[in-house]
Amino acid sequence: MSQLLKICNKGELPQAGEAKEFSAGSRTLCIANVDGVIRALDNECPHRGGPLAGGVIEEGKVVCPWHAWAFDAATGVASDSQGRVAVYPVSVEGEAVFVRI
Ligand code: FES
């Protein structure tokens, strides 16, 4: 069963074109701002565990800082069929930002 977890306040979200790491329960998430749309992905890269939130956003993809695998921020699917990360719905209520895990 899914849970709605608060991850931060609106003011703490990354700026457009940036990503930031937040905790949600026992998970660490990469929260990415893709042209104003907030996306939530698992932070751990399936290649060798790189922290996706330390990467950059390019053309709607979160690019891992370690070896540049690129994950679609909306679907979590990597370019060139290199696997995928889980993505989670994000919602905002007032000042609070939630993910459904
Ligand atoms: S650890 Fe992410 S691309 Fe290698």
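As the structure lists them, so they are numbered: ligands from 1, and atoms in each ligand from 1.
- Atom 4 (Fe) of ligand 1 has an N, O or S atom of H47 inside 2.8 Å of it.
- Of all the atoms in ligand 1, the ones that sit under 4.0 Å from a non-hydrogen atom of G50 are 1 (S).
- Panel note: side chain R84, backbone T75; a donor-acceptor pair is recorded below 3.5 Å.
- Among the atoms of C45, an N, O or S atom falls under 2.8 Å of atom 2 (Fe) of ligand 1.
- The aromatic rings of H47 and H67 sit perpendicular, their planes meeting at an angle over 60°, well past the 30° parallel limit.
- Atom 2 (Fe) of ligand 1 lies at 2.8 Å or more from every N, O or S atom belonging to H67.
- A side chain to side chain contact (heavy atoms under 4.5 Å, CB included) with V97 holds for exactly one of L5, L13, N9; it is L13.
- Listed by number with element, the atoms of ligand 1 under 4.0 Å from a non-hydrogen atom of R48 are 1 (S).
- Which of G54, C64, G49 comes nearest to atom 2 (Fe) of ligand 1 through a heavy atom is settled by distance: it is C64.
- In this structure, D42 and L29 have side chains that are in contact, with non-hydrogen atoms separated by less than 4.5 Å.
- Remark: the backbone N or O of P14 is paired with a side-chain donor or acceptor of N33 at under 3.5 angstrom.
- Pairing each heavy atom of K6 with each of A96, the nearest pair is CE-CB, 3.9 Å.
- In W66, the part holding a heavy atom less than 4.0 Å from any atom of ligand 1 is the side chain.
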